[in-house]
Amino acid sequence: MTVVGAVTATALAVDLPPMLEPFGDLALTVAVLLTVAVLAFTIPVWVASRRVVKVEAVAWADDVRGDPSATWAADRALRVLLASCEREHVVFPGLARVVVGLERIDVDLVTPTVAPPAPWSTSRDGRRWSAPVELVQLEALPLRRPEGLATVVALGSSAEGRVLVGLHALHGVLGIDGDRSARLAVACRIADQLATSPWSRSTAVLRVGVRDDEVAAGALLSLDDALDVVVTGASSGVLFLSEVPSASAWTALRSALERPENGWGVVLLARHDQVRWQLTARRDGTLVGDAVGELRWVDVALNGHDAVAVPAGLPRSAAEGAPSSPPVPSLPVAPGTAPVGRRRDTSRGGAARPGDAVPTR
């Protein structure tokens with residue numbers, strides 16, 4: 001039976017009030033059909049409007065400006081942590097992730113250590129140090145900012161608090177795939193923090209294949225020139241890659257990052273099965289992956305910046321028609337780093353240099 005037939009049968013079964021008797025069954029059938037048509041139109045529109053509100057965080061997220069207190073809270077926690085290690089002669093093993101909550105600060109370490117300085121306590125396996133926020137606030141704040149925080153950035157927030165990671169401490173590539181606009185939103189937040197966070201304002205930023213209108217920070221280089229800087233590893237910095245490089249370049253990059261003394265972090269805006277962490281950015285403002293669970297990248301609001309440092313000797317790229325960025329302190333690059341425009345010797349093929357660690361994963 002068709003829908004119209006069912007509606008007509010229903011109408012025939014209804015006893016019409018006297019006022020509708022002159023119109024007969026046709027009037028009631030038309031009324032029922034109009035009601036069905038209105039519902040068929042309004043329900044999908046309502047559902048679609050609710051869905052747009054839910055998933056389009058990427059459309060308005062960049063208009064929200066950040067709260068400086070979140071950055072300074074993380075800055076104080078990190079400075080107190082490293083100062084307490086120095087005071088008690090504890091070798092800090094390096095941080096992979098920090099969660100700054102309202103009541104507790106948790107630090108995931110690169111290597112396990114079971115003897116933390118006060119007021120920190122450790123997990124049973126020694127891979128996490130924790131301290132109450134109130135005790136960290138009572139600690140004296142050191143005047144000098146410790147080294148080793150040049151590539152620490154917030155990726156988002158969870159139920160426990162604001163989640164920060166040390167990109168160079170991964171000793172591998174951070175991969176971000178998913179929706180393109182969301183990927184770029186996360187990359188912009190990383191670059192923005194490198195320019196505005198008190199511990200990373202002089203951190204160098206390089207880009208390969210990422211346009212100025214996508215991430216307006218640092219120097220836009222060829223892959224060969226960027227590899228020369230990262231492989232040399234004479235300074236700390238972050239490299240953004242728009243796509244997976246060739247096999248030889250990928251091998252050289254991974255070998256360089258695995259060296260303990262290398263201070264660079266690499267963010268690949270694509271999927272690859274050999275990255276250290278693979279995260280997926282979504283338009284609804286979330287970032288998901290096995291390493292971090294589910295974070296809200298939309299909670300990391302932009303602070304706004306004029307410039308990000310680039311290594312000495314490399315030009316600063318500016319968007320077409322936009323004024324040049326003001327001078328900022330730049331980091332030194334070791335002798336032998338390739339100047340812009342020089343092509344890598346094809347006989348090397350981007351292979352790892354002698355003495356570099358060979359990836360085993």
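All of these numbers come straight from a predicted model, not from anything done at the bench.
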Let me have the donor-acceptor pairs involving side chains of residues 83-91, under 3.5 Å, with sequence neighbours excluded, atom names and distances please.
residue : atom : partner : partner atom : Å
Ser84   : OG   : Val80   : O            : 3.1
Ser84   : OG   : Leu81   : O            : 2.6
Glu86   : OE1  : Arg144  : NH2          : 3.2
Arg87   : NH1  : Glu139  : OE1          : 3.4
Arg87   : NH2  : Ala118  : O            : 3.3
Glu88   : OE2  : Ala118  : N            : 3.1

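- Atom CH2 of residue Trp297 and atom OG of residue Ser157 lie 12.0 Å apart, to the nearest 0.5 angstrom.
- By the 4.0 Å N-to-carboxylate-O rule, Asp62 lies close enough to Arg189 to be salt-bridged with it.
- A search for side chain to side chain contact (heavy atoms under 4.5 Å, CB included) contacts involving Val208 returns Leu223, Ala226, Leu239, Leu241, not counting sequence neighbours.
- Nearest heavy-atom pair across Leu109 and Pro93 is CD1-CG, 3.8 Å.
- Side-chain contact check for Val300 versus Leu155: every heavy-atom pair is 4.5 Å or farther apart.
- In terms of heavy-atom proximity, Trp264 sits nearest to Gly233 at CD1-CA, 4.1 Å.
- In this structure a side-chain-to-backbone donor-acceptor pair under 3.5 Å is missing from Thr286 to Arg282.
- Side-chain contact of Ser222 with Asp224: a donor-acceptor pair under 3.5 Å is absent, judged by distance alone.
- From Leu253, atom CG reaches atom CD of Glu258 across 10.0 Å, with rounding to the nearest 0.5 Å.
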Given the rule in the side chain to side chain contact (heavy atoms under 4.5 Å, CB included) test, do Arg276 and Val173 qualify, once you have shown the distances and angles that lead to the verdict?
CA-CA 5 Å; Arg276 183 75 71 181; Val173 178; 5.8 Å; no
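- Residues Ile190 and Val292 are members of one and the same hydrophobic cluster, defined by side-chain heavy-atom contacts under 4.5 angstrom among Ile, Leu, Val, Met, Phe, Trp and Tyr.
- Among all heavy-atom pairs drawn from Val152 and Trp199, the shortest one is O-NE1, 2.9 Å.
- Going from atom CD of Gln278 over to atom CZ of Arg271 covers 4.5 Å, rounded to the nearest 0.5 Å.
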Checking side chain to side chain contact (heavy atoms under 4.5 Å, CB included) for the pair Val186/Val267: CA distance, chi angles, key distance, verdict?
CA-CA 10 Å; Val186 175; Val267 178; over 6 Å; no
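- A donor-acceptor pair under 3.5 Å links the side-chain atoms of Arg207 to the main chain of Ala217, judged by distance alone.
- More than 12 heavy-atom neighbours from other residues, nucleotides or ligands sit within 6.0 angstrom of CG on Leu138.
- The side chain to side chain contact (heavy atoms under 4.5 Å, CB included) test applied to Ala187 returns Val215, Phe240, Leu269, not counting sequence neighbours.
- Residues Val58 and Ala185 share a closest heavy-atom pair of CG2-CB, 4.4 Å.
- The closest donor-acceptor contact from the side chain of Thr280 to the backbone of Gly178 lies at 3.5 Å or more, if one exists at all.
- Considering only heavy atoms from C-beta on, Val165 stays 4.5 Å or farther from Leu170 through its side chain.
- Counting heavy atoms from C-beta outward, Thr113 and Phe92 have side chains that stay 4.5 Å or more apart.
- Taking a cutoff of 4.0 Å between a charged side-chain nitrogen and a carboxylate oxygen, Glu214 and Arg180 qualify as a salt bridge.
- Side-chain contact between Val238 and Leu194 is present, with heavy atoms from C-beta onward closer than 4.5 Å.
- Leu82 places a side-chain heavy atom less than 4.5 Å from the side chain of Leu149.
- Side-chain contact between Ser158 and Val163 is present, with at least one heavy-atom pair separated by less than 4.5 Å.
- Under a 4.0 Å N-O distance rule, the pair Asp106/Arg97 does not qualify as a salt bridge.
- Looking at residues two or more places apart in sequence or on another chain, you find no salt bridge (charged side-chain N to carboxylate O under 4.0 Å, His left out) involving Arg127.
- Residues forming a salt bridge (charged side-chain N to carboxylate O under 4.0 Å, His left out) with Arg162 (at least two apart in sequence, or on another chain): none.
- Among residues at least two apart or in separate chains, ring-ring contact (aromatic ring centres under 6.0 Å, His included) pairs with a member in residues 266-295 are Trp250-His272.
- The only member of Leu78, Val99, Leu135, Val133 that meets side-chain contact (heavy atoms from CB on, under 4.5 Å) when paired with Ile105 is Val133.
- No more than 12 heavy atoms of other residues, nucleotides or ligands shown are found within 6.0 angstrom of CG on Asp290.
- If you take CG on Leu295 and CD on Glu160, they are separated by 9.5 Å, rounding to the nearest 0.5 Å.
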Thr196 and Thr71: side chain to side chain contact (heavy atoms under 4.5 Å, CB included), yes or no, with the steps?
CA-CA 9 Å; Thr196 59; Thr71 299; over 6 Å; no
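- Side-chain contact between Ser200 and Gln193 is absent, with no heavy atoms from C-beta onward closer than 4.5 Å.
- Val136 is listed as a side-chain neighbour of Trp120, based on a closest heavy-atom distance under 4.5 Å.
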